[in-house]
Structure formats: C-alpha cells, structure tokens
Amino acid sequence: MASNDNNRFQAIIAHAKEYGFVFPSSEIYDGLSAVYDYGPWGSELKKNIRDYWWKNMTQMHENIVGIDAAIFMHPTTWKASGHVDNFSDPMIDNKDSKKRYRVDHLVEAYAETLPKEKADEILSNLEKLLANEDFAGVKKLIDDNKIKCSVSGTANWTDVRQFNLMFSTQLGSVAGEADTIYLRPETAQGIFVNFLNVQKTARMKVPFGIAQVGKAFRNEIVARQFIFRMREFEQMEMQFFVRPGTQKEWYEYWREERMKWHLSFGTPKEKYQWHVHAKPAFYADNAVDIEYEFPFGFKEIEGIHSRTDYDLSQHQKFSGKKMQYFDNEINQNYVPYVIETSIGLDRMFLLVLSQAYAEEKWTKEDGTEDSRTVLRLPAKVAPIKLAILPLLKKDGLPEIGREIMKDCRDEFYCFYEEKDAIGKRYRRMDAIGTPFCITVDHQTKEDQTVTIRDRDSMKQERIPIAKLKEIVKAKIKGE
RNA sequence: GCGGGAGUAGCUCACCUGGUAGAGCGACAGCUUCCCAAGCUGUAGGUAGCGGGUUCGAGUCCCGUCUCCCGCUCCA
C-alpha cells in the first residue's frame with residue numbers, strides 16, 4: 001500500500017470515528033479485536049445502503065422474495081453445507097519458517113516418503129488421534145517422527161491448535177444438557193433450508209430468487225483493515241434458483257445486473273474490476289468476484305457464484321426431504337441449480353465511504369486559503385438529506401426554519417441547526433455528507449423563498465418554500 | 001501467530017538531561033454576524049493504555065500486559 005493511500009485510509013478511519021460513523025467495539029475496555037459498532041450517522045448510512053439493495057432485489061424484481069432466517073440453525077445444516085469439515089482443521093506452525101500447515105496435510109506428505117507399511121501405521125494413528133481431538137498426541141506423533149518443515153528444514157513446531165472458523169455456543173440454558181450449535185458463518189444456508197417453504201407459500205416458479213440480509217460470524221485468523229474483515233459482519237445475499245442447464249445464462253445475467261447496481265452509486269467504472277476464479281470452490285461450476293479499488297488495493301466486494309445443485313442436494317441427502325421442484329413446462333422434477341449473488345454490507349459501506357471521502361483545498365477570492373473535508377455520498381444513501389439553517393437566530397428566522405423542519409421531516413431525514421456562523425455549519429454538514437442545506441434569511445420573510453446549497457458544487461439557488469419538498473425529493477431520486 | 005512501530009484532553013501534538021500536565025482545533029453556553037472553517041467571552045474535559053519495579057519523587061528509566069498500525073502468514 002502506498003503511503004499516501006495508507007494515510008488516506010487512516011484519515012477515513014479517523015473521520016468515521018470522529019463524525020459518528022464507526023466506533024471500535026467496547027472501546028472503553030480497549031476494544032474488541034475486529035469488531036466495530038456503527039454510530040448515529042453510520043447506522044443511518046448502513047441502513048440506507050441495505051434498504052437500497054433490498055428494494056432493488058425484491059420490490060424491483062417480481063420473481064424475487066425476501067426472508068429473514070434465524071442466526072441459529074440446526075447443527076446438521078453445517079454438516080450438509082460442508083462447513084464443519086472445511087472450517088475446522090487442526091493446524092500447526094513451524095516457528096522458524098513461520099509457515100502454517102494443516103496437520104493432516106503435513107503428516108500425509110511425510111507418510112508418502114515412507115514404506116507403505118510404516119506409512120499406513122502413522123496415518124491410522126493420526127486418524128485415531130484426530131477423531132479423539134487429542135492434539136497433544138498429534139504433536140507427539142509429529143515430534144516422534146521428527147517431521148520437518150519443508151521450508152526451514154527444522155522440526156521446531158508450535159502446539160497443534162484447532163482453528164475453528166465457526167463460533168459455537170450452547171442451545172438450552174442447562175449446562176451439560178446443552179447442544180452445541182453454531183452462529184451461522186454465512187446467510188445462504190438459511191435460504192436453502194427454506195427453499196420448499198418459500199417456493200410453496202409465495203407460489204414461486206423457477207426461475208426465482210430468495211433474498212436475505214443478515215449477520216454472519218467467522219473466527220477469522222487475521223481480521224484487519226478496519227471494517228473490511230470483521231468477525232461479525234452483515235451479508236446481503238440472493239440465491240436464484242434455475243432449471244439445470246440454464247445456469248450459465250443466468251450467471252451471465254446476474255453478473256451484469258450486479259455491476260449495474262454498483263455503478264448506480266455513481267462510482268467510476270475504473271474503480272471496479274472482475275476477478276474470475278480460475279479454480280472455483282468445490283461446490284461451484286463458475287465464480288467471479290467484483291472487486292473495488294479500496295485505499296489498500298483492489299479487494300472483493302461481491303461474489304457471483306454458480307453453486308450448481310450442491311447445496312439443495314446436500315440438504316436433500318442429510319434431511320431426507322425432497323428438495324425439488326416440479327417444472328410444468330418440461331413436466332419434470334429436478335433439484336434446481338443456484339446462482340448466488342453475495343455482497344458484504346460492511347464492505348459496501350466502506351466502499352461508499354472510501355469513494356465519498358475528499359479533502360479539498362482552494363484559494364478564496366480574497367487570496368486566503370480555504371479547505372474542507374467532505375463526504376460526497378450519493379444523496380440516496382446520505383444519512384441526512386437536508387439541513388435547515390436559519391442565517392441568524394433572531395428576527396423570526398428560527399421559527400420559519402422550524403416550520404420547514406416540521407413539514408419535511410417525515411419525507412426524508414432533516415437536521416436543524418442555528419448555532420455558529422453559517423460557514424461553520426456548512427462545513428459540519430459537508431463532513432457527514434449532507435447533500436443539501438437550505439438557509440432561511442430576511443428575504444424569506446418577504447417572498448417565502450429559501451436558498452438551497454449543493455454540497456459538491458457549494459453553489460446555491462433560491463427556491464420557493466412551497467416547492468422545497470418536491471425539489472429535494474427529485475434531487476435525491478435523480479442520482 | 002511472528003517481526004517492527006505507537007499509545008498524554010474528542011482530534012493533532014508539546015512537556016528538553018525524572019520534580020506531582022499544557023497548546024491549538026473541536027464540543028458546549030452566550031455575544032456578534034445576512035451566505036461558506038480559523039471574530040469575542042465563558043465552561044467542561046486527562047489519576048499520561050493498564051499492572052509492577054527502580055527512585056525521596058516517573059508521562060519521562062526498566063519489566064510485563066493490553067490495544068492499534070505496518071509487513072509477513074492465514075483465509076470458501
């Protein structure tokens with residue numbers, strides 16, 4: 001990361017905290033690593049992004065409906081999805097090379113160098129030890145065989161540790177009788193297990209989609225880069241169920257649709273790129289990521305994956321329920337194929353913030369320097385849409401401002417302020433990305449007009465109070 | 001997880017070779033001002049990340065610990 005980009009990123013983080021967007025979690029207790037809270041304007045911005053996505057997916061698509069599944073799910077869900085097997089491998093680090101190995105891979109590689117008899121003995125030992133979760137025993141096995149790191153060539157190992165990427169907790173309040181369950185590591189499974197319910201009750205016909213927004217949890221080994229990689233995060237996902245054989249065209253369709261959505265924020269195309277997976281995950285037959293150029297480089301913001309019929313088939317197998325659809329057009333039953341679009345809400349928030357943040361400097365007409373920090377947020381997601389600022393707090397101006405406030409606040413988020421010089425109030429509104437400010441002045445009393453100031457151009461025009469609401473609504477929508 | 005750097009008021013920082021904390025900005029209250037921060041007055045806010053040690057005395061020296069940042073590592 002170039003140092004100026006890094007400075008910019010640090011400035012964005014500081015700004016986010018200073019102006020009530022994002023706070024470190026539990027900060028008075030020194031914080032909790034990789035967990036963050038959203039403040040007054042942050043929660044508003046996040047909600048606006050979420051709502052915009054939700055409306056775009058559900059209201060704007062007749063064949064997509066939403067659900068809100070629980071974070072807790074039956075433990076078998078995660079066996080079926082593959083998370084239990086893939087998310088909990090014992091690992092060991094070599095202290096000299098700093099290389100981390102999956103224990104099974106390490107021992108298997110070693111066993112391959114041995115005569116078959118000896119190799120089988122070691123591998124069956126390992127299997128027993130792993131089944132009993134006897135990690136000390138596994139360590140001893142590695143030590144006894146003097147298994148070496150291929151990089152450093154030494155046998156200087158850490159203890160064997162379980163890296164379970166899923167958070168577990170207990171269901172049931174009586175200790176001992178409790179069952180271990182997981183906080184979901186992805187929201188997708190909540191959709192898959194409800195496939196039959198939704199298809200039937202909302203009378204959906206393939207192709208159709210199910211959308212969901214919700215929290216998911218992962219015990220990231222290294223979680224850093226502010227809210228980019230958090231242990232608790234929010235996903236906006238849509239699983240689109242299609243007839244087998246048509247997945248390719250739907251995959252292409254959603255690629256395009258999702259990019260259109262991103263560009264509707266006004267972000268320049270060059271800030272985005274595609275990252276095609278050369279080797280998609282085992283369940284997918286096609287996968288691409290949309291990457292955005294964050295201050296710390298191009299990083300994944302959204303994935304569009306062709307998940308085949310893997311998930312529904314797995315649930316069919318584990319639950320014994322027929323996860324199928326009868327297609328009248330071809331008179332056939334089948335397990336639908338799935339195209340997934342999955343975007344991180346927190347990442348989208350960071351994207352919007354990164355894209356909006358600007359420090360500006362210019363020379364005023366009198367030759368002195370001026371500057372401001374402004375969030376050029378798209379008006380449709382800005383926390384506050386309109387600031388109402390009486391030029392003076394006397395001569396009846398505040399009263400007029402209050403009237404306007406009363407009239408507008410149920411249409412969009414308004415903010416009233418009469419303290420400090422007008423320039424200072426403009427700066428404060430710029431800092432939190434308020435796209436429009438109106439001032440009430442003496443002329444307002446004469447002709448019922450106010451000035452409206454555009455955040456980005458800092459230009460203002462005079463408009464009638466009577467038309468204010470419609471003008472602001474049009475401006476918000478027009479973007 | 002490893003290596004390096006940093007932690008003093010909300011923010012940016014000062015306190016030189018140890019003697020019981022200051023400034024600017026910001027916030028708040030008020031005054032002034034008819035349009036883009038840095039006019040005026042006043043107020044609040046810090047047991048110097050936390051714990052221990054050395055010392056008559058530590059923000060300042062030593063050790064530990066926590067958190068954050070950078071690099072590596074890891075990552076469906």
Side-chain angles (χ1 to χ4, degrees), chain A residues 1 3 6-7 9-11 13-15 17-20 23-35 81-83 85-87 89 91-102 151 157-159 161 163 165-166 185-186 188 216 218-226 229 277 279-284 287 289 296 300 303 305 307 310-311 340 342 360-362 364-365 368-374 389-395 397 419-431 437-445 450-455 457-462:
Chain A
M1 180 178 356
S3 76
N6 187 36
N7 291 344
F9 186 42
Q10 296 311 323
I13 295 170
H15 190 88
K17 188 188 164 202
E18 191 63 15
Y19 289 93
F23 310 126
S25 161
S26 323
E27 198 188 7
I28 62 168
Y29 295 111
D30 272 341
L32 186 62
S33 185
V35 185
S81 69
H83 284 80
D85 289 335
N86 288 296
F87 257 32
D89 303 306
M91 314 279 261
I92 192 164
D93 294 358
N94 184 272
K95 289 180 185 170
D96 299 314
S97 66
K98 315 297 185 204
K99 184 114 176 80
R100 174 168 294 157
Y101 294 87
R102 272 175 58 168
V151 177
W157 299 104
T158 61
D159 286 339
R161 282 165 301 187
F163 283 81
L165 273 348
M166 288 196 288
E186 66 173 26
R218 285 185 195 181
N219 235 331
E220 301 288 352
I221 295 170
V222 174
R224 242 188 275 181
Q225 282 165 327
F226 194 42
R229 178 165 290 142
H277 291 220
K279 270 196 291 179
F282 61 86
Y283 54 75
D289 293 338
F296 43 88
E300 177 187 352
H305 295 185
R307 296 182 73 125
Y310 174 78
D311 298 279
E340 166 188 87
S342 174
E360 299 178 348
K361 279 191 173 56
W362 65 93
K364 288 192 284 193
E365 283 177 13
T368 58
E369 296 297 306
D370 204 350
S371 67
R372 67 170 181 166
T373 300
V374 56
L389 314 171
L391 207 48
L392 299 177
K393 55 178 156 185
K394 61 179 184 186
D395 303 335
L397 269 35
K419 188 182 149 51
D420 290 322
I422 188 68
K424 199 171 249 185
R425 281 179 273 167
Y426 283 152
R427 288 297 180 281
R428 276 201 285 258
M429 287 300 107
D430 288 342
C437 296
I438 59 162
T439 56
V440 178
D441 58 14
H442 284 154
Q443 190 182 330
T444 305
K445 294 197 287 185
V450 293
T451 64
I452 183 163
R453 171 211 188 242
D454 177 75
R455 176 196 63 207
S457 67
M458 295 197 278
K459 298 265 165 51
Q460 46 186 14
E461 57 178 319
R462 192 163 273 279

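Please read all numbers here as calculations on a predicted model, not as lab measurements. We name chains A, B, ... by the order of the sequence lines, and we start the count at 1 in each one.
The side chain of A:Arg427 lies closest to B:A37, out of B:A37, B:C31, B:A76. Candidate nucleotides B:C36, B:C28, B:C31 were compared by shortest atom distance to the side chain of A:Tyr426, and B:C36 ranks first. Distances from the side chain of A:Ile422 to the nucleotides B:C35, B:A76, B:C28 place B:C35 closest. Which of B:A37, B:C35, B:C70 sits closest to the side chain of A:Leu391 comes down to B:C35. Of all nucleotides listed (B:C70, B:A37, B:C36), B:A37 comes nearest to the side chain of A:Ser371. The side chain of A:Arg428 sits closest to B:A27 out of B:C36, B:A37, B:A27. When distances are taken from the side chain of A:Arg229 to each of B:A76, B:C75, B:A37, the shortest belongs to B:C75. Closest contact between the side chain of A:Leu392 and the listed nucleotides B:C28, B:C35, B:U33 involves B:U33. Looking at the side chain of A:Arg453, the nearest of the listed nucleotides B:C36, B:C28, B:C70 is B:C36. Nearest to the side-chain atoms of A:Lys17 among the listed nucleotides B:C35, B:U33, B:C11 stands B:C11.
A:Arg425 contributes a side-chain N or O that, together with a main-chain N or O of A:Lys419, makes up a donor-acceptor pair within less than 3.5 Å. At distances below 3.5 Å, not a single donor-acceptor pair connects side-chain atoms of A:Arg455 with backbone N or O atoms of A:Asp430. A distance-only check finds no donor-acceptor pair linking the side chain of A:Arg453 to the backbone of A:Thr439 [under 3.5 Å].
The distance from atom CD1 of A:Ile13 to atom C1' of B:A6 is 15 Å, rounded to the nearest whole Å. The CD atom of A:Glu300 sits 11 Å away from the C1' atom of B:C75 (whole-angstrom rounding).
Ionic pairing of A:Lys445 and A:Asp395 is not present here: no N-O contact between side-chain nitrogen and carboxylate oxygen is shorter than 4.0 angstrom. Checked for salt-bridge contact, A:Arg427 and A:Glu360 miss the test: no charged N lies under 4.0 Å from a carboxylate O. Taking the charged nitrogens against the carboxylate oxygens, A:Asp420 and A:Lys393 have no contact shorter than 4.0 Å, which rules out a salt bridge.
For A:Ser342, the side chain to side chain contact (heavy atoms under 4.5 Å, CB included) test picks out A:Gln235, A:Glu237, A:Glu340, with sequence neighbours left out. In this structure, the side chain to side chain contact (heavy atoms under 4.5 Å, CB included) partners of A:Gln10, at least two apart in sequence or on a different chain, are A:Asn6, A:Ile13.
Annotated stems with RNA chain B as a participant read B:1-7 with B:66-72, B:10-13 with B:22-25, B:27-31 with B:39-43, B:49-53 with B:61-65, given as range with range, by first number; only runs of 3 or more Watson-Crick or G-U pairs under 3.5 Å qualify.
Rounded to whole Å, the C1' atom of B:U20 lies 29 Å from the corresponding atom of B:A27. With both ends at atom P, the span from B:G26 to B:U17 equals 32 Å, rounded to whole Å. Comparing B:U32 with B:U67, their C1' atoms sit 45 Å apart, to the nearest whole Å. Only the P atoms considered, B:U54 is 46 Å distant from B:G42, to the nearest whole Å. For the P atoms, the distance from B:A44 to B:G57 is 33 Å, rounded to whole Å. Spacing between B:U41 and B:C25 at atom P, rounded to whole Å, works out to 11 Å. For the C1' atoms, the distance from B:G53 to B:G18 is 15 Å, rounded to whole Å. Nucleotides B:U47 and B:U43 have their C1' atoms positioned 22 Å apart, rounded to a whole Å.
A:Glu27 comes within 4.0 angstrom of no nucleic acid atom, judged by non-hydrogen atoms across all strands. Looking at heavy-atom distances under 4.0 Å, A:Asp395 makes no contact with the nucleic acid at all. Using a 4.0 Å heavy-atom criterion, one finds that A:Gln460 contacts the bases of the nucleic acid, with or without backbone contacts as well. In this structure, A:Lys361 reaches neither bases nor backbone, as no heavy-atom distance under 4.0 Å exists between it and the strands shown.
In the interface, the side chain of A:Glu18 is not paired with the base of B:C11 through any donor and acceptor atom under 3.5 Å apart. The base of B:A76 is not paired with the side chain of A:His305 by any donor and acceptor separated by under 3.5 Å. Residue side chain A:Asp441 reaches the base of B:C35 through a donor-acceptor N/O pair under 3.5 Å, judged by distance alone.
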_Worked verdict on A:Leu391 versus A:Gln443 for side-chain contact (heavy atoms from CB on, under 4.5 Å)_ = CA-CA 11 Å; A:Leu391 207 48; A:Gln443 190 182 330; over 6 Å; no
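Comparing A:Asp454 and A:Lys394 by the nucleotide of RNA chain B that holds the closest heavy atom to each, the one mapping nearer the 5' end is A:Lys394.
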